[in-house]
Amino acid sequence: MYEKLSRKFYKKNAIDLAKDLLGKYLVFREGNPDKSNCKNNLLIGKIVETEAYMGFYDKGAHTYNGRRTERTEVMYGEAGYAYIYLIYGMYNCLNVVAAEKEVGQAVLIRALEPIKGQDKMSISRYNKPLSDLNKKQIKNLTNGPGKLCKAYNITRDLNGEDLTKNRLYICKNIAHKEKVSIIEAKRIGIDYAEEAKDFLWRFYIKDNKHVSVY
DNA sequence: ACTACGATTAAA
DNA sequence: TTAATCGTAGTC
C-alpha cells in the first residue's frame with residue numbers, strides 16, 4: 001500500500017513540493033537495507049509540517065543571492081536528494097531538494113506524526129524505552145526539525161542521500177488516499193530574513209497534534 | 001587565522 | 001527567557 005515517490009515528484013518548485021509532501025510518509029531503514037529482516041528496522045512517520053526555501057530571492061534560504069558553498073552544494077543538485085545540515089552546533093535538519101538542478105530550492109521537514117518504530121525513536125531521543133516516557137515526551141518525539149532527526153538518527157553523514165533509493169525515502173499511501181487540509185503560516189526561526197520572514201511558506205496539516213510550535 | 005552566529009531545543 | 005555548542009561563512 002506504500003509506494004515510493006519517484007524522481008519526477010520532487011521536480012517542482014519548493015512551495016508546491018512543501019504542500020505535496022504533507023500527508024506523505026518518511027521512511028528510514030536502519031542497518032543494511034539489503035537484509036531480509038529489515039522490516040524490524042523500519043521507521044515511519046507521516047509528514048505533517050514543512051517549510052519552503054526558495055533559493056536566489058529568498059533571504060531565509062541558505063542559497064540566497066546565489067550563495068554557493070561546500071555545504072549548500074546539494075541544494076543545487078538534482079531534486080529528490082537529502083540536504084542535511086547542522087544547526088546551532090547540535091541539531092540536524094532534514095531537507096528535500098526541489099526543482100531543477102542549479103536552482104537551489106529545498107523543503108525543510110519540520111514535523112512528523114510517528115507511525116511505526118516509536119520504540120526505536122524513544123531510545124534515540126531519550127535513551128529510554130517508550131513505556132518509560134511521560135505524556136510530554138511522547139508528544140515531543142518528532143514534532144520539530146531537530147527532534148525528528150534525533151528520533152530517526154539522521155545525521156549529516158546522510159547528506160546527499162538519494163531519496164529514490166532504499167535507505168531514506170518518502171512514500172504515499174495508495175490504498176488510503178487522504179485529503180489533507182493545509183494551513184499556511186510564517187516560517188519559524190528566520191527573524192533576520194527581512195521581508196522574507198513574513199512570507200507564508202510554512203505549511204502544516206490543519207488540526208494535526210504533531211505540528212511543532214503554533 | 002579570527003569571529004559572529006544560526007531553517008533549534010530543553011530547561012528555568 | 002536563556003544557555004548549550006560547533007560548523008559554516010564571511011572577513012582580515
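Note: hydrogens, waters and symmetry copies are ignored here, and every other heavy atom, side chains too, is used. Numbered from 1 within each chain, the chains take letters A, B, ... in sequence-line order. None of the values given here were measured: they were computed from a predicted structure.
- If you take OH of A:Tyr91 and P of C:dA3, they are 15 Å apart, rounded to a whole angstrom.
- As a whole-Å value, the separation of A:Lys139 NZ from B:dT9 C1' is 13 Å.
- Rounding to whole angstrom units, NZ of residue A:Lys128 and P of B:dA10 are separated by 13 Å.
- Separating the CG atom of A:Leu112 from the C1' atom of B:dT8 is a distance of 15 Å, rounded to the nearest angstrom.
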Could you summarise the pairing of DNA chain B as dot-bracket text, marking Watson-Crick and G-U pairs under 3.5 Å with ( ) or [ ] inside the strand and | across strands? ||||||.||||.
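- On the C1' atoms, B:dC5 is 16 Å away from C:dT2, given to the nearest whole Å.
- Interatomic distance, A:Ile115 CD1 to A:Met121 CE, rounded to the nearest 0.5 Å: 8.5 Å.
- Annotation: of the two residues near DNA chain C, A:Thr72 and A:Gly89, the 5′-most nearest-nucleotide partner is A:Gly89.
- Among the protein residues, A:Lys150 comes within range of no part of the nucleic acid, since none of its heavy atoms lies under 4.0 Å from any strand.
- Distances were taken from every side-chain heavy atom of A:Leu108 (C-beta onward) to each of C:dA9, B:dA7, B:dT9; the shortest belongs to B:dA7.
- With A:Tyr169 as the aromatic partner, A:Lys165 does not meet the cation-pi criteria of under 6.0 angstrom to the ring centre and within 45 degrees of the ring axis.
- Taking 4.0 angstrom as the limit, A:Thr69 places none of its side-chain polar atoms (N or O) nearer than this to OP1 or OP2 of C:dT8.
- Residues A:Lys136 and A:Asn140 bring no donor and acceptor atom of their side chains to less than 3.5 Å of each other.
- The separation between A:Met75 atom CE and B:dA7 atom C1' is 10 Å, rounded to whole Å.
- In this structure, A:Asn92 places its CG atom 13 Å from C1' of B:dT9, rounding to the nearest Å.
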After noting the C-alpha distance and the side-chain angles of A:Tyr85 and A:Arg71, does the key distance pass the side chain to side chain contact (heavy atoms under 4.5 Å, CB included) rule? CA-CA 8 Å; A:Tyr85 64 91; A:Arg71 180 178 68 151; 4.1 Å; yes
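- Between A:Arg67 and A:Thr72, every side-chain heavy-atom pair lies at or beyond the 4.5 Å cut-off.
- At least one side-chain nitrogen or oxygen of A:Arg156 sits closer than 4.0 Å to the OP1 or OP2 atom of C:dT8.
- For the segment residues 57-68 of chain A, the set of residues with a heavy atom within less than 4.0 Å of an atom of DNA chain B comprises A:Gly60, A:His62, in numerical order.
- When distances run from any side-chain atom of A:Ile190 to the nucleotides C:dT5, C:dA9, B:dA7, the shortest one goes to B:dA7.
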Give the intermediate values and the outcome of side chain to side chain contact (heavy atoms under 4.5 Å, CB included) for residues A:Arg202 and A:Ile188. CA-CA 8 Å; A:Arg202 173 181 171 229; A:Ile188 290 177; 3.6 Å; yes
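- Using a 4.0 Å heavy-atom distance criterion, A:Asn140 is classed as making no nucleic acid contact.
- Taken from CG in A:Leu26 to NZ in A:Lys46, the straight-line distance is 13.5 Å, to the nearest 0.5 Å.
- Atoms CE (A:Met90) and P (C:dT8) sit 15 Å apart, rounded to a whole Å.
- Both thresholds, 5.5 Å between centres and 30° between ring planes, are met by A:Tyr53 relative to the base of B:dA7, so the two rings are stacked.
- Taking CD of A:Glu102 as the start and CZ of A:Arg68 as the end, the distance is 4.5 Å to the nearest 0.5 Å.
- Between the CD1 atom in A:Ile170 and the CG atom in A:Leu21 there is a gap of 5.0 Å [rounded to 0.5 Å].
- Contact annotation: A:Arg71 side-chain N/O to C:dA9 OP1/OP2 distance is under 4.0 Å.
- One can place CG of A:Asp191 at 9 Å from P of B:dG6, the figure rounded to the nearest angstrom.
- When the nucleotides B:dT9, B:dA7, B:dG6 are ranked by their closest atom to the side chain of A:Tyr88, B:dG6 comes out on top.
- No more than 12 heavy atoms of other residues, nucleotides or ligands sit less than 6.0 Å from atom CD of A:Glu70.
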